[in-house]
Amino acid sequence: MINSQQIVDKFGRIHDYLRISLTERCNLRCFYCMPEEGIQLRDKKEFMSSEELLEIAKVFVELGVKKIRLTGGEPLVKKGFDELILELSKLPVELVMTSNAVRIDQHIDALKKAGVKKINVSLDSLIEERFNDISKRNYFKKIMENIGLLIENHFDVKINVVLIKDVNDDEIVDFIKWSITEKIQVRFIEFMPFEGNNWDVDQRVSLKEILDVISGHFGSENIEKLDAAANDTTKNYKIKNAIGSFGIISSVTNPFCSTCNRIRLTADGKIKNCLFSQSETDLLTAHRNGDSIKELIIESIDNKYKERGGITDFNNESVKEINNRSMISIGG
Ligand code: SAM
């Protein structure tokens, strides 16, 4: 029997993983994430305060959420991050984070104290000049140092690489080499269409293309397929005898919706029941009005489409009709 304190959709998928965007602000400007013109600055009052975020997170925990990922924008630019994470760590959940790592050194003590063990770091190039071009800032060295710091401090580190044709797809082998010598998991993420990111279907790099490059270089007999964890979005592999591993996430071409357990809470307190969802449910206003938000959460998930927010075709024309936010304001 399904526990009434669980969030379950029409397809029987139990939703126990919440991704919270702490802020829409970011200290990088990656072109595929942040629209060129930036995003509209809004009054602070439109966003959840740390107290509100905690209160709302507690409701999700009462509804069976077992894992919370902090994301953004850049979560580490949220004012009062250390205090917030220490409060969140009192909830009975696994707490993880996705970050660009620019400020990891300033927050590593709080992260350790909060019991965070797994951190995903975004890094799209191992070439300093190229990385700084993609992110339109000059933090490459700092990020590499901070990745080293995380590894030294025994964090489980995944490196998120958004692979884009003719931008960084010539670095697949170099990233894999890194996973051979360092205890990291490199994850190649398919470039996805969002508001203002000039997505082009021809810039995607498919799972097969990635595996072809890797087997061409390392030999297919040296690629080991690893088991996927439950609800895993990643197809996991490693090179024989490597210290680390690699994964491929192709959300558009090979969606993993059948095991989806994710709910996204934006920094302005809205839930999206899918990354590609074109509708949102406003929890923050209801919460501020003193209304119960449990029913809103359950209803939102009940309305979830079977696959990819109900979008069946992703091509250059059809994506122009999609009414979604930019990734920076959804929170990956
Ligand atoms: N600032 C943090 C960071 O850099 O990891 C967290 C937020 S960021 C929006 C979360 C993830 O979304 C990153 O790994 C980023 O590379 C990924 N992302 C952003 N835009 C994307 C896109 N258009 N396609 C695929 N992944 C994207």
Side-chain angles (χ1 to χ4, degrees), residues 19-36 38-39 68-78 81 96-104 107 111 116 118-125 131-132 134-137 139-140 142-144 146-147 150 155 157-165 167-169 171 175 184-201 203-207 210 233-234 247-256 262 264-267 272 274-276 308 314 316 319 322 324-332:
R19 301 166 70 102
I20 307 179
S21 171
L22 298 190
T23 173
E24 291 189 347
R25 289 182 304 118
C26 189
N27 37 7
L28 298 183
R29 291 287 178 275
C30 306
F31 71 87
Y32 57 80
C33 185
M34 170 88 90
E36 211 164 346
I39 52 166
I68 293 181
R69 175 174 301 280
L70 304 181
T71 176
E74 170 51 34
L76 297 180
V77 305
K78 168 91 175 167
F81 175 87
V96 297
M97 181 175 76
T98 303
S99 165
N100 58 33
V102 172
R103 294 196 181 175
I104 282 288
H107 298 281
L111 289 163
V116 174
K118 298 180 184 169
I119 300 195
N120 293 358
V121 175
S122 305
L123 182 77
D124 302 314
S125 177
F131 176 78
N132 289 342
I134 293 172
S135 59
K136 301 184 188 142
R137 293 289 183 273
Y139 288 118
F140 180 81
K142 185 83 217 166
I143 292 170
M144 291 305 281
N146 278 340
I147 291 173
L150 286 173
F155 282 88
V157 178
K158 291 185 179 155
I159 305 289
N160 287 348
V161 185
V162 178
L163 260 195
I164 306 180
K165 210 161 263 176
V167 173
N168 58 353
D169 60 329
E171 292 190 58
F175 273 108
I184 51 172
Q185 188 195 36
V186 170
R187 307 195 311 166
F188 298 114
I189 302 179
E190 185 175 270
F191 180 31
M192 295 183 281
F194 293 100
E195 177 81 24
N197 77 352
N198 299 315
W199 182 81
D200 186 330
V201 73
Q203 284 187 296
R204 286 183 321 198
V205 189
S206 70
L207 178 99
I210 299 172
T233 55
T234 317
I248 302 174
I249 305 180
S250 28
S251 320
V252 179
T253 44
N254 296 300
F256 30 80
R262 295 150 179 242
R264 294 182 158 82
L265 178 63
T266 60
K272 288 180 80 71
C274 171
L275 192 52
F276 297 117
R308 300 187 303 191
F314 285 81
N316 289 357
V319 298
I322 300 176
N324 198 356
R325 299 179 181 224
S326 57
M327 187 65 135
I328 189 84
S329 76
I330 299 175

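Counting convention: from 1, in listed order, for ligands and their atoms alike.
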Problem - Sub-3.5 Å N/O-N/O distance, D124 and ligand 1 - result: no
Fill in the blank from the handout: Contact region, C30 to ligand 1, non-hydrogen atoms below 4.0 Å, reads neither
Handout entry: Working for side-chain contact (heavy atoms from CB on, under 4.5 Å), residues N27 and R103
Key = CA-CA 9 Å; N27 37 7; R103 294 196 181 175; 4.0 Å; yes
Practice task
Check each heavy atom of W199 against ligand 1 and say whether those closer than 4.0 Å belong to the side chain, the backbone, both or neither.
Solution key: neither
Exercise for the section: Please confirm whether T71 comes within less than 3.5 Å of ligand 1 when only nitrogen or oxygen atoms on both sides are compared. Expected result: no
Practice task
Determine whether the side chains of S135 and R29 contain a donor N or O and an acceptor N or O closer than 3.5 Å.
Solution key: no
Problem - Which of the ligand 1 atoms, numbered from 1, are nearer than 4.0 Å to a heavy atom of E190 - result: 24 (N), 25 (C)
Handout entry: Proximal atoms of ligand 1 relative to C33 (non-hydrogen, under 4.0 Å)
Key = 9 (C), 19 (C), 20 (N)
Practice task
Check whether any side-chain heavy atom of R264 lies under 4.5 Å from a side-chain heavy atom of I330, and answer yes or no.
Solution key: yes
Practice task
Please could you name the atoms of ligand 1 that N197 approaches to less than 4.0 Å, counting only its heavy atoms?
Solution key: 23 (N)
Problem - I20 and T71, any side-chain heavy atoms less than 4.5 Å apart - result: no
Practice task
Tell me yes or no: between the side chains of Y139 and N100, is some donor less than 3.5 Å from an acceptor?
Solution key: no
Fill in the blank from the handout: atom 3 (C) of ligand 1 sits nearest the protein heavy atom S122 OG, 3.2 Å
Exercise for the section: Give the residue and atom name of whichever protein heavy atom lies nearest to atom 19 (C) of ligand 1, and the separation in Å to one decimal. Expected result: M327 CG, 3.2 Å
Exercise for the section: List the closest protein heavy-atom neighbour of atom 10 (C) of ligand 1: residue, atom name, distance to the nearest 0.1 Å. Expected result: G332 CA, 3.8 Å
Practice task
Taking atom types as modelled, find out whether E74 and T23 have a side-chain donor-acceptor pair closer than 3.5 angstrom.
Solution key: no
Exercise for the section: Report yes or no: does I328 have a heavy atom closer than 4.0 Å to ligand 1? Expected result: no
Handout entry: Per-atom contacts of ligand 1 with N160, taking only distances under 4.0 Å to non-hydrogen atoms
Key = 14 (O)
Practice task
Using distance alone, decide if ligand 1 has a nitrogen or oxygen within less than 3.5 Å of any nitrogen or oxygen in E74.
Solution key: yes
Handout entry: Proximity flag G73 to ligand 1, non-hydrogen atoms under 4.0 Å
Key = yes
Practice task
Looking only at distances, please establish whether an N/O atom of ligand 1 is found under 3.5 Å from an N/O atom of M192.
Solution key: yes
Exercise for the section: Before signing off on this row, confirm whether N120 and ligand 1 have an N or O atom pair separated by under 3.5 Å. Expected result: no
Problem - Trace of the side-chain contact (heavy atoms from CB on, under 4.5 Å) decision for V201 with F314 - result: CA-CA 8 Å; V201 73; F314 285 81; over 6 Å; no
Handout entry: M144 side chain reached by L123 side chain, heavy atoms, under 4.5 Å
Key = yes
Handout entry: Test item: N197 side-chain N/O and Y32 main-chain N/O as donor-acceptor pair under 3.5 Å
Key = yes
Practice task
Ignoring hydrogens, just give me the one of F191, F31, Y32 whose non-hydrogen atom is nearest atom 20 (N) of ligand 1.
Solution key: Y32
Fill in the blank from the handout: Going by the 4.0 angstrom heavy-atom rule, the piece of L28 near ligand 1 is neither
Exercise for the section: Could you check atom 8 (S) of ligand 1 against the protein and tell me its nearest heavy-atom contact, residue, atom and distance included? Expected result: G72 O, 4.3 Å
Practice task
Report the part of V162 (side chain from C-beta onward, or backbone N, CA, C, O) that has a heavy atom under 4.0 Å from ligand 1; answer both or neither where that applies.
Solution key: side chain
Practice task
Could you tell me how the ring of F140 sits relative to the ring of F131: parallel (under 30°), tilted (30 to 60°) or perpendicular (over 60°)?
Solution key: tilted
Practice task
Name the orientation class of the two ring planes belonging to F81 and H107 (parallel below 30°, tilted from 30 to 60°, perpendicular beyond 60°).
Solution key: perpendicular
Handout entry: Heavy-atom check, side chain of I249 versus side chain of F256, under 4.5 Å
Key = yes
